[in-house]
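Every value quoted in this text rests on a predicted model; they were computed, and no experiment measured them. A, B, ... follow the sequence lines: proteins, then strands. Residue 1 opens every chain.
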Number of protein chains: 2
Amino acid sequence: MREIVSQKLALAMADDCIAFRVRALNRVITNLYDTVLQPFGITVNQATMLIMLSLVGEATSARIGQVLIMEKSTISRNLDRMKKQGWIESSSRDRGREQFVRVTPAGRELLAAFHPNWETAQLQASELLGDNGVSAVHTLHAAVRKKHPV
Amino acid sequence: MREIVSQKLALAMADDCIAFRVRALNRVITNLYDTVLQPFGITVNQATMLIMLSLVGEATSARIGQVLIMEKSTISRNLDRMKKQGWIESSSRDRGREQFVRVTPAGRELLAAFHPNWETAQLQASELLGDNGVSAVHTLHAAVRKKHPV
DNA sequence: TACCCTTGGTTGTATATACAACTTACACCC
DNA sequence: GGGTGTAAGTTGTATATACAACCAAGGGTA
């Protein structure tokens, strides 16, 4: 009896679960990008941070978190790895507890270097998701953005 | 000069990047579910595996990977954790290298117990994404499913 | 039978992620 | 000035994830 009940619940959850679907989507898409970026020794996550920093010039950890919707401890450790690679550096504009980081020339070179591969991944992702799928992704991101304003 | 070039590239990537958006979406949605499931000591990932196993009765690691689009090493370690919790057990139907797992009664009880909280997360996610967003998630998942047939 | 190949699973290593606890620097207020 | 609180970052711990390397079992074939 309990088994029948849990079966029905399981079926309902499997049919509707948003998290499962978003997570599977994330794994597949992340893999596409990580695969094409792998020759450059950078992950798609770090590439995203590099792109964002390149755009804004320099930013604090907290600012990166707002823009990219990332947790501060994740950012702290990722910045460490990127500094070790020489792609970013601490800015001289630090004041007190705030530490500004900016992209180094090597970081900018890397960004230009991996751009074609990023295009490849974009193309693969677009083909996989279709035009409607791609705009859906933008719309979905805009929706979560509302709850995490920049 | 190089800076100007990399700026333009960065802008293009930031504007269009599918991976960044999917990954941010994943973080936000995963968080909703993990938060409401936290009192039960289960993560949304493990809950997904529990639901799937409950539906199919029993399955091998490889089968779980096909259905949930998960890498075998991830599954191996997650099954370990779930066994330690007593939610699943090895089935007697093992043959050779294939190891079937199935949900225990305790696992079924847990599933029934957390169902209301899962509903809460579903509601929150639906409100966040809107009706169109929710169906977009289903469509996107169906698209990746095509490349990872069950 | 012996060899080889494929498939299922585990383990090592590294990144990504989140929460909690902690440290430190600033700001504010009395 | 001194206490108090808040905000920025770091570090500990645990899960999730992927790839590579490995081991084991089975199957096929010469």
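- Distance, A/Ile29 CD1 to D/dT17 P: 15 Å, rounded to whole Å.
- A straight line from CE of B/Met49 to C1' of D/dA16 spans 11 Å, rounded to a whole angstrom.
- The pair B/Glu89-B/Lys83 fails the salt-bridge criterion, with no side-chain N (NZ, NE, NH1 or NH2) lying under 4.0 Å from an Asp/Glu carboxylate O.
- Contact annotation: B/Gln99 reaches the phosphate of C/dT10 (side-chain N/O to OP1 or OP2, under 4.0 Å).
- Look at A/Asn31 and you won't find any side-chain N or O under 4.0 angstrom from OP1 or OP2 of D/dT17.
- Here C/dA14 presents its P atom at 18 Å from CG of A/Asn45, a figure rounded to the nearest Å.
- The distance between atom CG of B/Leu32 and atom P of C/dA18, rounded to the nearest whole Å, is 12 Å.
- Contact between the side-chain N/O atoms of A/Asn26 and the OP1/OP2 oxygens of C/dT17 is not found at any separation under 4.0 Å.
- Within 4.0 Å (heavy atoms only), B/Gln46 reaches sugar-phosphate atoms of the nucleic acid but no base atom.
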Go through the steps for B/Met13 and B/Phe20 under the test side-chain contact (heavy atoms from CB on, under 4.5 Å), then give the verdict.
CA-CA 10 Å; B/Met13 293 194 267; B/Phe20 156 57; over 6 Å; no
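- For A/Arg63 and D/dA7, the CZ to C1' distance is 16 Å, given to the nearest whole Å.
- B/Gln122 and B/Tyr33 form a side-chain donor-acceptor contact under 3.5 Å, judged by distance and modelled atom types alone.
- Rounded to whole angstrom, the span from the CD atom of B/Gln38 across to the C1' atom of C/dA18 amounts to 12 Å.
- Of the side-chain N and O atoms in B/Arg23, one or more sit less than 4.0 angstrom from OP1 or OP2 of C/dT17.
- Atom CD1 of A/Ile64 is separated from atom P of C/dT17 by 13 Å (rounded to the nearest Å).
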Could you go step by step and tell me if B/Thr104 and B/Glu109 meet the side-chain contact (heavy atoms from CB on, under 4.5 Å) rule?
CA-CA 9 Å; B/Thr104 61; B/Glu109 270 175 48; over 6 Å; no
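- In the model, B/Asn78 has a side-chain atom that pairs as donor or acceptor with a side-chain atom of B/Arg81 under 3.5 Å.
- Between A/Ile69 and B/Val28, the shortest heavy-atom distance links the atoms CG2-CG2, 3.8 Å.
- Remark: P of D/dA16 and CZ of A/Arg27 are 11 Å apart, rounded to the nearest angstrom.
- Using a 4.0 Å heavy-atom cutoff across all strands shown, A/Thr60 reaches sugar-phosphate atoms only and no base atom.
- Contact check of residues 65-85 of chain A against DNA chain C (heavy atom, cut-off under 4.0 Å) returns A/Met70, A/Glu71, A/Ser73, A/Thr74, A/Arg77, A/Asn78, A/Arg81.
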What do the steps show when you test B/Glu58 against B/Val101 for side-chain contact (heavy atoms from CB on, under 4.5 Å), and what is the final call? CA-CA 5 Å; B/Glu58 58 186 15; B/Val101 290; over 6 Å; no
